[in-house]
Amino acid sequence: MNTNPARGMRDFLPEDVRRRQYVIGVIADVYQQYGFEPLETPAVENIETLLGKYGEEGDRLIFKILKRGEGAETGQADLALRYDLTVPLARVVAEYRATLPKFFKRYQVQPVWRADRPQKGRFREFYQCDVDAIGSRSMIVEAELLSAAGDVLSRLGFTSYTLRLNHRGVLAGMLDAAGVPASLQGEALVALDKLDKVGREGVAAELAQRGVPDAGAGMLLEFFSSVAAAQRDAKADPTAFNRDVLDRLEALLGGARPDALGELRDVVRLLGPGGTGAHLRLDPSLARGLSYYTGAIFEIAVPDLAGSLGGGGRYDNLIGMFLGSEVPACGISLGLERILVVMGERGMFPDNLGKAPADVMVTIWNLDAVPDALRLAAELRSAGLRVEVYPEADKLGKQFKYASSRAIPHVTVVGDDEAAAGLVTVKDLATGEQRRVARGDVAGVIGRPG
RNA sequence: GUGAGUGUAGCUCAGUGGUAGAGCUCCGGAUUGUGGAUCCGGCUGUCGCGGGUUCGAUCCCCGUCACUCACCCCA
């Protein structure tokens with residue numbers, strides 16, 4: 001019998017869960033500081049809720065659930081596992097619009113499923129940590145979302161992350177300026193998005209392959225080269241760099257798309273030069289794959305990771321697909337699994353997440369002493385300690401060895417001598433020191449780490 | 001969906017056309033009121049699965065499944 005979890009799915013053993021809960025705790029804490037409220041939605045959605053929202057590739061990767069009864073024969077599906085947390089949010093907003101606040105701000109940490117082929121840092125079941133603000137077109141929303149994501153990364157110990165920023169409207173303007181026909185712009189975006197991955201020559205080849213005219217491709221690549229040069233010159237001053245890129249974009253677009261450029265200027269201005277603003281990098285080559293973005297788009301990058309730690313953007317039309325009337329919205333998704341991968345590789349988890357499942361283990365002297373051992377455990381728990389009771393009467397050596405292997409820092413022993421005197425022997429397994437103390441003093445001697 | 005690589009003990013892996021090994025883990029003992037270190041002893045395998053070639057296949061061939069990596073796309 002094969003005991004592996006299903007392909008692309010994982011079991012989380014206790015140490016894994018502690019790490020996940022630590023990161024999720026920081027994320028939820030920061031999001032709450034920004035006034036976001038928690039939301040949960042079902043793992044399963046009606047299939048028509050999901051289809052057509054993510055583009056053709058997205059539809060292919062949706063996990064479908066066969067319809068009960070005749071579906072088993074026909075292969076017909078009426079349900080599907082959720083593919084992300086944004087579309088379910090849009091459905092919720094459309095459904096409960098009357099009861100939700102005018103500016104609904106929610107965070108959501110739940111698993112999503114994709115019928116993808118697993119790879120390093122990529123799974124078929126993985127957690128997303130989404131934060132979205134509904135109901136406003138103001139760039140204050142973008143600034144707050146980026147700031148919150150930056151706070152999360154800083155609190156987790158990241159120092160060198162980059163918040164890449166671009167705008168779908170600016171991208172369209174760039175492609176217009178390069179003479180790329182609207183019908184080819186989607187293809188061109190996919191190629192441009194790979195600039196940091198495959199380099200200038202690689203993108204040139206991709207653009208040609210996708211039918212973008214050479215003249216336009218050359219113009220775009222020339223522009224990106226000049227931006228890259230500017231970045232090298234302005235390395236120490238990201239705000240100056242961002243303003244420089246804005247000016248270059250304005251020149252490239254020749255007065256077209258003033259609203260989109262103005263939005264980017266607003267975001268840069270609102271975040272300012274310090275704090276999260278120091279991590280903000282305008283990146284005209286950023287495109288992102290999902291089809292529902294309409295305005296600003298973001299992606300979170302760290303050195304030495306091929307993929308991104310998260311991404312997001314503005315999607316002012318998605319809720320309208322459910323509701324009929326348009327409701328503006330913007331959000332960011334952090335990829336829990338990738339954050340964990342990077343933090344694991346860099347040893348970024350705090351020591352007090354350690355393995356110890358208890359502060360003290362109560363040994364069992366013999367079968368007659370079991371009731372008293374359980375009473376002692378109860379007393380120590382009342383005093384606020386995490387207490388494990390060895391589950392059998394066994395040689396003391398065995399019991400000590402077990403406590404040691406589980407990294408439990410203290411053990412108690414109540415043998416015949418101690419019982420007669422009303423004392424408890426407490427041993428510190430790290431130092432080897434042990435002492436006999438009065439029963440009421442045991443908790444004080446052990447203390448409480450963390 | 002496309003391409004490549006790997007499947008041998010609980011784990012990490014060696015190995016050979018002639019009935020399979022190491023290290024770690026685990027268990028027992030040295031040590032019947034004391035763990036980590038050391039020493040001694042011990043357990044474990046349909047060699048992924050199915051078929052073919054062969055006197056004989058864990059090894060060679062075909063198929064299949066699983067995993068890993070890359071592409072596509074994405075967190």
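In the text below, chain A, chain B and the rest are named by the order of the sequence lines, each starting its count at 1.
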Original post:
Are N166(A) and E299(A) close enough, and set up right, to give a side-chain hydrogen bond (donor to acceptor under 3.5 Å, both in side chains), and what steps lead you there?
Top reply: CA-CA 9 Å; N166(A) 200 13; E299(A) 198 159 283; over 6 Å; no
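- Other residues, nucleotides and ligands contribute at most 12 non-hydrogen atoms within 6.0 Å of the CD atom of E433(A).
- For L309(A) and C74(B), the CG to P distance is 17 Å, given to the nearest whole Å.
- The side chain of T425(A) lies closest to G33(B) when the candidates are G33(B), A75(B), A70(B).
- Comparing the same atom, C1', in U6(B) and in C49(B) gives a spacing of 16 Å after rounding to whole Å.
- As a whole-Å value, the separation of R406(A) CZ from C26(B) C1' is 16 Å.
- In this structure, the nucleotide among G33(B), A70(B), A75(B) sitting nearest to the side chain of K120(A) is A70(B).
- Atom CE of M139(A) is separated from atom CD of E144(A) by 13.0 Å, given to the nearest 0.5 angstrom.
- Taking atom C1' in both C47(B) and G41(B), one finds a spacing of 27 Å when rounded to whole Å.
- When heavy atoms are screened at a 4.0 angstrom cut-off, E125(A) is found touching no nucleic acid atom at all.
- If you take CZ of R435(A) and P of G33(B), they are 24 Å apart, rounded to a whole angstrom.
- With sequence neighbours excluded, no residue forms a side chain to side chain donor-acceptor pair (under 3.5 Å) with R114(A).
- Regarding R338(A), its CZ atom lies at a distance of 5 Å from the C1' atom of A75(B), rounded to whole Å.
- With sequence neighbours left out, F349(A) forms a ring-ring contact (aromatic ring centres under 6.0 Å, His included) with no residue at all.
- Note on Y402(A): nothing from the nucleic acid sits closer than 4.0 angstrom, heavy atoms only.
- Comparing the C1' positions of G45(B) and G52(B) gives an interatomic distance of 25 Å, to the nearest angstrom.
- Mapped onto RNA chain B by nearest heavy atom, R122(A) and P118(A) fall at different nucleotides, with P118(A) at the one closer to the 5' end.
- F158(A) places its CZ atom 13 Å from the C1' atom of A75(B), with the value rounded to the nearest Å.
- Scanning for salt bridge (charged side-chain N to carboxylate O under 4.0 Å, His left out) contacts around R168(A) gives an empty result, with sequence neighbours left out.
- If you take atom P in G48(B) and the same atom in C59(B), they sit 8 Å apart, rounded to whole Å.
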Just distance, no hydrogens or angles: give the donor-acceptor pairs under 3.5 Å from side chains in residues 125-135 of chain A, sequence neighbours left out.
{"residue": "E125(A)", "atom": "OE2", "partner": "W113(A)", "partner atom": "NE1", "Å": "3.0"}
{"residue": "D130(A)", "atom": "OD1", "partner": "S333(A)", "partner atom": "OG", "Å": "2.7"}
{"residue": "D130(A)", "atom": "OD2", "partner": "T86(A)", "partner atom": "OG1", "Å": "3.3"}
{"residue": "D132(A)", "atom": "OD1", "partner": "R106(A)", "partner atom": "NH1", "Å": "2.7"}
{"residue": "D132(A)", "atom": "OD2", "partner": "Y315(A)", "partner atom": "OH", "Å": "2.5"}

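- One can place CG of D59(A) at 15 Å from C1' of C74(B), the figure rounded to the nearest angstrom.
- Remark on RNA chain B: of its neighbouring residues D193(A) and D416(A), the 5'-side contact belongs to D416(A), judged by nearest-heavy-atom nucleotide.
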Under 3.5 Å, which protein N or O atoms sit close to an N or O of nucleotides 28-32 of chain B? Give each pair with its distance.
{"residue": "G28(B)", "atom": "OP1", "partner": "K398(A)", "partner atom": "NZ", "Å": "2.6"}
{"residue": "G29(B)", "atom": "OP1", "partner": "K395(A)", "partner atom": "NZ", "Å": "3.0"}

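- In this view, L156(A) and Y22(A), V23(A), V26(A), V152(A), F158(A), I339(A), M343(A) satisfy the side chain to side chain contact (heavy atoms under 4.5 Å, CB included) rule, not counting sequence neighbours.
- OP1 or OP2 of A70(B) lies within a sub-4.0 Å distance of a side-chain N or O belonging to Q119(A).
- The distance between atom CG of L163(A) and atom C1' of A75(B), rounded to the nearest whole Å, is 15 Å.
- Rounded to the nearest 0.5 angstrom, L309(A) CG and L153(A) CG are separated by 6.5 Å.
- Using a 4.0 Å heavy-atom criterion, one finds that D417(A) contacts the bases of the nucleic acid, with or without backbone contacts as well.
- For Q434(A) and T425(A), the side-chain atoms include no donor-acceptor pair closer than 3.5 Å.
- Across residues 107-117 of chain A, R114(A), D116(A), R117(A) each have a non-hydrogen atom less than 4.0 Å from an atom of RNA chain B (numbered order).
- Partners of Q119(A) according to the side chain to side chain donor-acceptor pair (under 3.5 Å) rule, which considers only residues two or more places apart in sequence or in another chain, do not exist here.
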Contacts under 3.5 Å, N or O only, protein and nucleotides 36-40 of chain B:
{"residue": "G36(B)", "atom": "N1", "partner": "L429(A)", "partner atom": "O", "Å": "3.2"}
{"residue": "G36(B)", "atom": "N2", "partner": "L429(A)", "partner atom": "O", "Å": "3.3"}

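- Atom CZ in R436(A) sits about 13 Å away from atom P in U34(B), given to the nearest Å.
- Here S225(A) pairs with R200(A) under the side chain to side chain donor-acceptor pair (under 3.5 Å) rule; sequence neighbours left out.
- A donor-acceptor contact under 3.5 Å links the side chain of Q434(A) to the base of U34(B).
- No engagement by R10(A) is indicated, since no non-hydrogen atom pair under 4.0 Å with the nucleic acid exists.
- For C60(B) and G23(B), the P atoms lie 26 Å apart once the distance is rounded to whole Å.
- Rounded to the nearest Å, the gap between the C1' atom of G18(B) and that of G56(B) is 7 Å.
- Nucleotides C43(B) and U25(B), compared at atom C1', are 12 Å apart to the nearest Å.
- Screening residues 380-406 of chain A for ring-ring contact (aromatic ring centres under 6.0 Å, His included), with sequence neighbours left out, gives Y390(A)-Y402(A).
- Between D372(A) and R439(A), at least one side-chain nitrogen of the basic residue sits less than 4.0 Å from a carboxylate oxygen of the acidic one, meeting the salt-bridge criterion.
- Residue Q128(A) is in sugar-phosphate contact alone, with no base atom involved, counting any heavy-atom pair closer than 4.0 Å across all strands shown.
- Rounding to the nearest 0.5 angstrom, the gap separating the CG atom in L380(A) from the CG atom in L376(A) is 4.5 Å.
- Electrostatic pairing of R406(A) and E388(A) counts as a salt bridge here, judged by a charged N lying under 4.0 Å from a carboxylate O.
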**OP:** Let me have RNA chain B in dot-bracket notation, would you? Count Watson-Crick plus G-U wobble pairs, both distances under 3.5 Å, and use [ ] for pairs crossing earlier ones and | for inter-strand partners.
**Re:** (((((((..((((....[..)))).(((((.......))))).....(((((..]....))))))))))))....
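- Contacts of R60(A) with the nucleic acid, taken as non-hydrogen atoms under 4.0 Å apart, include base atoms.
- For G5(B) and G17(B), the C1' atoms lie 24 Å apart once the distance is rounded to whole Å.
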